[in-house]
Number of protein chains: 2
Amino acid sequence: MLVDTGSCERTPQACHQGRSENGCADCKVRLISVCSVLEPTELEELEALSHHLTLDKGQTLFGQDEPAGSVFNVIEGALRLTRLLPDGRRQVMGFALPGDFLGLALQVRYSVSAEALGPVRTCRFGREDFAAVVEAKPHLLRSLHERAGYELTLSQEQMLLLGRRTAEEKVAAFLLSLRDRYARIGHSSVTVELPMGRQDMADHLGLTIETVSRILNRLDRAHAVLLVPGGARLIDLSRLERMAAS
Amino acid sequence: MLVDTGSCERTPQACHQGRSENGCADCKVRLISVCSVLEPTELEELEALSHHLTLDKGQTLFGQDEPAGSVFNVIEGALRLTRLLPDGRRQVMGFALPGDFLGLALQVRYSVSAEALGPVRTCRFGREDFAAVVEAKPHLLRSLHERAGYELTLSQEQMLLLGRRTAEEKVAAFLLSLRDRYARIGHSSVTVELPMGRQDMADHLGLTIETVSRILNRLDRAHAVLLVPGGARLIDLSRLERMAAS
DNA sequence: CGAACAATTGACGAATGTCAAGATCCGTGG
DNA sequence: CCACGGATCTTGACATTCGTCAATTGTTCG
């Protein structure tokens, strides 16, 4: 069961806030985030509106259908983005990694909830504030739109996976896609970090926790991957790629 | 099997082109399309760049991974948007209806292929032309971005369906969501048009054609729906809603 | 050390897929 | 108008994948 220690939006006093010590100029994710399209002066303008916000493992950044008061840049850590069915069945729509922007559709309500998988650092903006900046800077909107297009492509890939792949293909494709996403943000390694638990993977892939566990261990025994605590080393990439049937 | 009579982009001479007789001013979908945010003078400007294009049933408007030469407003008819796995398994990502804009992410390649489910009329723009207009009109970009957000929400809904719903829930939810989409574009009716075949529904819901057929007929026998050629009358809405488990 | 949680493993069952046979629909051409 | 043929849809019998339930092991952290 998930630990819900409350949303930061609803209980702001529970969250560490305040401007980052050194500002946007040496932000770790500046070059991979939406901010990469901003000029130095624009960056300062945005910085004036920013709030630093950190979460601990299990904390909720925002909940599905809540009014979208803020938008966020993920600086460090990972979150899971989920949607619930009334009876409690859960679908993990995706995982947010450093450089990702949460709330990029600028919609009135959040369409998913976002929960920290471990310690997370974010850069928060009031949605209205941010929308005003976007209104004045079409190239920022353009950048958001490009990201939305990328998200759309990712979710199409995920629909193909959920609808038409077998359990083994799903797990293999998941490991490979996670590796690609880490590579995109400059963290390339044969060992893929898996900050989420087995249940999160299952809810992302439309499987049960038992099936995910069985397949991961089968891949391990077959020396296609090497399971390590909190991650998996991809040993036989070409075999995984064949398995994933991409 | 699908009839692929060739892409219009590759064989333009096979397509009826030319400006609509009466222009954008009395375009049937103007008020529900992206064009709804344009002023009369802007509309004329866009009209100058537009080409009318029609398709017959089974024709391909564009193919997955092709360079995105054009973007389209759907004026009349319906298309299926699909992605293929190398071995031929197919996922229908969605169905495009009148008022929908194809290519709204303005990406370099199409991420899906689009095939006409029946006679289709579209309004075509060269992607570069359209992008230039968008560049000059931030409120048009804003409108595209809003639509992208809506698409993102739809695809999250679909991921939840594919990953966590049972076959019966999938079919019920599909019928209801189609009804909602028709209502959105001003075509409300208890009888939902089903311009796609059973195989298309199956590939959209992550099921087989036999399962879709069995469930639709079971719903019919249970008087929850009434199957009619090319559509379904939703008899017992509240039962369907309970089934869909939304 | 021990309690709580997370992951693994096995035995079994159910939902859905597969295969195969018919029925129905629909456009075409006589 | 009717008859034909192909495509689409329906239905049944059976197979398989994956889920369910339950027990066990492993891990984390006071």
Side-chain angles (χ1 to χ4, degrees), chain A residues 1-5 56-58 80 87-91 117-119 161-172 174 194-222 225-232 243 245, chain B residues 1-5 56-58 80 85 87-91 115 117-119 161-172 174 194-222 225-232 243 245:
Chain A
M1 209 61 277
L2 296 178
V3 178
D4 184 344
T5 50
D56 294 326
K57 175 171 177 169
R80 107 187 124 226
D87 63 4
R89 279 176 288 176
R90 198 177 68 153
Q91 178 69 29
L117 293 170
L161 178 148
L162 289 168
R164 285 294 176 238
R165 285 173 141 105
T166 66
E168 187 176 81
E169 291 169 347
K170 287 178 179 182
V171 172
F174 171 67
L194 297 172
M196 70 295 290
R198 298 287 188 265
Q199 184 66 59
D200 294 330
M201 293 185 218
D203 287 342
H204 185 48
L205 302 176
L207 298 171
T208 58
I209 184 173
E210 293 94 335
T211 300
V212 170
S213 178
R214 273 188 256 270
I215 290 175
L216 280 175
N217 284 287
R218 198 201 304 160
L219 293 181
D220 183 299
R221 271 179 244 114
V225 307
L226 177 66
L227 292 182
V228 298
M243 271 184 193
Chain B
M1 208 63 276
L2 296 179
V3 179
D4 185 345
T5 50
D56 294 326
K57 176 171 176 168
R80 104 186 126 226
L85 242 26
D87 63 3
R89 279 175 289 175
R90 198 177 69 151
Q91 178 70 27
E115 291 132 2
L117 294 170
L161 178 150
L162 290 169
R164 284 295 176 238
R165 283 175 142 105
T166 65
E168 187 176 81
E169 291 169 347
K170 287 178 178 181
V171 173
F174 171 67
L194 297 173
M196 71 294 290
R198 298 287 188 264
Q199 184 65 60
D200 294 329
M201 293 185 219
D203 287 343
H204 184 47
L205 301 176
L207 298 171
T208 58
I209 184 173
E210 293 93 336
T211 299
V212 170
S213 178
R214 272 187 256 270
I215 290 175
L216 280 175
N217 284 288
R218 197 202 304 161
L219 293 180
D220 183 298
R221 271 178 244 116
V225 308
L226 176 66
L227 292 183
V228 297
M243 272 183 193

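Below, chain A is the first sequence line, B the second, and so on; all start at residue 1. In what follows, every heavy atom counts, from backbone to side chain, and hydrogens, waters and symmetry copies are set aside.
- The side chain of B:Thr211 lies closest to C:dT16, out of D:dG19, D:dT11, C:dT16.
- The minimum heavy-atom distance between A:Gln91 and A:His204, with the atom names listed, is NE2-O, 3.2 Å.
- Side chain of A:Arg164 to main chain of B:Leu207: a donor-acceptor pair is present (N/O by atom type, distance under 3.5 Å, no hydrogens or angles).
- Here the P atom of nucleotide C:dA15 and the CD atom of B:Glu169 are 12 Å apart, to the nearest Å.
- Regarding contacts with the backbone of C:dT9, every side-chain N or O of A:Arg198 stays at 4.0 angstrom or more from both OP1 and OP2.
- Checked against C:dT16, C:dC26, C:dA20, the side chain of B:Glu210 finds its nearest nucleotide in C:dA20.
- Rounded to the nearest 0.5 angstrom, B:Glu168 CD and B:Thr211 OG1 are separated by 12.0 Å.
- Atom pair A:Lys170:NZ and D:dT17:P shows a separation of 14 Å (rounding to whole Å applied).
- Atom CG in B:Leu216 sits roughly 17 Å away from atom P in C:dT24 (whole-Å rounding).
- Regarding B:Asp203, its CG atom lies at a distance of 14 Å from the C1' atom of D:dT8, rounded to whole Å.
- One distance of note links CG of B:Asp203 with OG1 of B:Thr208; it measures 10.0 Å at 0.5 Å rounding.
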Given the rule in the side-chain contact (heavy atoms from CB on, under 4.5 Å) test, do B:Arg165 and B:Val171 qualify, once you have shown the distances and angles that lead to the verdict? CA-CA 10 Å; B:Arg165 283 175 142 105; B:Val171 173; over 6 Å; no

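- Note: CG (A:Asp200) to C1' (C:dA6) measures 11 Å, nearest angstrom.
- Position along DNA chain D of the nearest nucleotide to A:Leu207 versus A:Pro229 favours A:Leu207 as the more 5'-ward residue.
- Judged by closest nucleotide on DNA chain C, A:Ser213 is the one of A:Ser213 and B:Arg214 placed further toward the 5' end.
- Rounded to whole Å, atom C1' of D:dC18 lies 20 Å from atom CZ of B:Arg165.
- In this structure, CE of A:Met201 is placed 13 Å from P of C:dA6, rounded to the nearest angstrom.
- Residue A:Asn217 has no polar side-chain atom (N or O) positioned under 4.0 Å from OP1 or OP2 of C:dA7.
- B:Arg221 comes within contact range of the sugar-phosphate backbone alone, with a heavy-atom separation under 4.0 Å but no base atom that close.
- When the P atom of D:dT8 is taken as reference, atom CG of B:Leu194 falls 16 Å away, rounded to whole Å.
- A residue-by-residue look at A:Arg218 and B:Gly230 shows that A:Arg218 has its nearest nucleotide of DNA chain C further toward the 5' end.
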